[in-house]
2 protein chains.
Amino acid sequence: MKTYSISEVAKELNLTVYTLRYYDKEGLMPFVERTANGTRLFKESDIEALKVIECLKSTGMPIKEIKNFIDWCADGDSTLQQRYDMFLERKASVEAQIAELQKTMELIEHKCSYYKIALDAGTEDVHKQDKIEILH
Amino acid sequence: MKTYSISEVAKELNLTVYTLRYYDKEGLMPFVERTANGTRLFKESDIEALKVIECLKSTGMPIKEIKNFIDWCADGDSTLQQRYDMFLERKASVEAQIAELQKTMELIEHKCSYYKIALDAGTEDVHKQDKIEILH
DNA sequence: TTAATACCTATAGTTAACTCGAGGTCAAGC
DNA sequence: GCTTGACCTCGAGTTAACTATAGGTATTAA
């Protein structure tokens, strides 16, 4: 079975080898095997697992909680409920984050048009008839 | 003109007074006036400005960059272009973040249904005919 | 055979964004 | 007059997630 070195995996996942070793130290990669002298050998399935870890990280989940999930995976079927609940919770969290970003986007777009108008006029004074605001 | 104390503003914006003082120390609130003995007096417009700061923060912008923007605001019309460009850049960044979260959401939803099926079956083995994966 | 290169561990340092404690001022209420 | 509570500054401490360094081993290339 084909295996990959830590630097190959780092390149593939756009991480540094430092980061991967850090994740390992934090217990996120207990499944990665080693050679007799200690060098990590990543399997294809390990890379897939790391992609799931990256996915969880991109939802803003802290590493310690991701470790809980990894531990549950090793515990087998008795933790199916926890894992299901975790993903439902992640789903709700991501939905909330998207909603928040969309709300943020409204203000940003308002600022874009505000500054477009000011720039075309050459001065912010063009907005003086708006309710007074110091910072737009 | 009505003014607000730091704790009133903290409550309104869901921040702590520590955080507000920290922002001030970092130069995000040069416009907030003080009483003779040093107590901050927040105007309505200061609160509006802080909402813009919170908006920028929620786009992931670091405090030091937000400070640049605040400085530009104090510099007047000569910085209109920078401020416009900054908001265009924020807009692009937020769009990218939403797109990223939507991609994340796909995997999360896949995991939700994966675990729903496993949970109903009572075992993860129900997915054994899928391509072999260690971590789902 | 030696020199470069990729790997390893352990440990220390960095950065951002808070968070808190000590020590002090000041206005209001008893 | 004295206590309480909100405010202040300054500086130290915290936390997460890296990031880097030192010192060492093993494989490969000339």
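Protein chains get the first letters and strands the later ones, always in sequence-line order, with residue 1 at the start of each.
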- Task: Give me the ring orientation class for A/Phe87 and B/Tyr115: parallel if the planes are under 30° apart, tilted from 30 to 60°, perpendicular past 60°.
- Result: parallel

- Side chains of B/Lys2 and B/Glu44: does their closest heavy-atom pair fall under 4.5 Å? no

- Message: I'd like to know if the side chain of B/Thr19 reaches the main chain of B/Leu15, judged simply by a donor and an acceptor atom lying under 3.5 Å from each other, with no hydrogens or angles considered.
- Response: no

- Query: Between B/Arg21 and D/dC8, is there a side-chain N or O to OP1/OP2 distance below 4.0 Å?
  - Reply: yes

- Length of the line joining B/Glu26:CD and D/dT9:P, which is rounded to integer Å: 14 Å

- Query: With the 4.5 Å side-chain cut-off for hydrophobic clustering, are B/Ile66 and B/Leu13 part of the same group?
  - Reply: yes

- Query: Are any side-chain N or O atoms of A/Arg90 and backbone N or O atoms of A/Thr59, one a donor and one an acceptor, separated by less than 3.5 Å?
  - Reply: yes

- Report yes if a side-chain nitrogen or oxygen of B/Arg34 is closer than 4.0 Å to either non-bridging phosphate oxygen (OP1 or OP2) of D/dT9; otherwise report no. yes

- Check whether any side-chain heavy atom of B/Gln81 lies under 4.5 Å from a side-chain heavy atom of B/Met86, and answer yes or no. no

- Task: Rounded to the nearest angstrom, tell me the gap between atom CG in A/Leu20 and atom P in D/dA20.
- Result: 15 Å

Return the polar atom pairs (N/O with N/O) between nucleotides 1-6 of chain C and the protein under 3.5 Å, or none.
none

- Message: For B/Pro30, is there any backbone N or O sitting under 3.5 Å from a side-chain donor or acceptor partner on B/Asp24?
- Response: no

- Within this structure, what is the CZ-to-C1' distance between B/Phe42 and D/dC8, rounded to whole angstrom? 12 Å

- Side-chain donor or acceptor of B/Glu8 paired with backbone N/O of B/Ser5 under 3.5 Å: yes

- Task: Say whether, by atom type as modelled, one donor and one acceptor occur between the side chain of B/Gln82 and the main chain of B/Trp72 under 3.5 angstrom.
- Result: no

- Counting just side-chain N and O atoms, does B/Arg40 come under 4.0 Å of either OP1 or OP2 of D/dC8? yes

- Message: Each nucleotide in nucleotides 13-19 of chain D should get exactly one letter: B, S or -. Can you fill that in based on protein heavy atoms under 4.0 Å?
- Response: ---SBBB

- Item | Geometric cation-pi criterion A/Lys111 and A/Tyr114, 6.0 Å radius, 45° cone | yes

- Can you give one letter per nucleotide of nucleotides 22-27 of chain D, going 5' to 3': B for a protein heavy atom under 4.0 Å from the base, S for sugar-phosphate only, - for none? ----S-

- Query: Got B/Val94 and B/Ile98 here, is their nearest side-chain heavy-atom distance under 4.5 Å?
  - Reply: yes

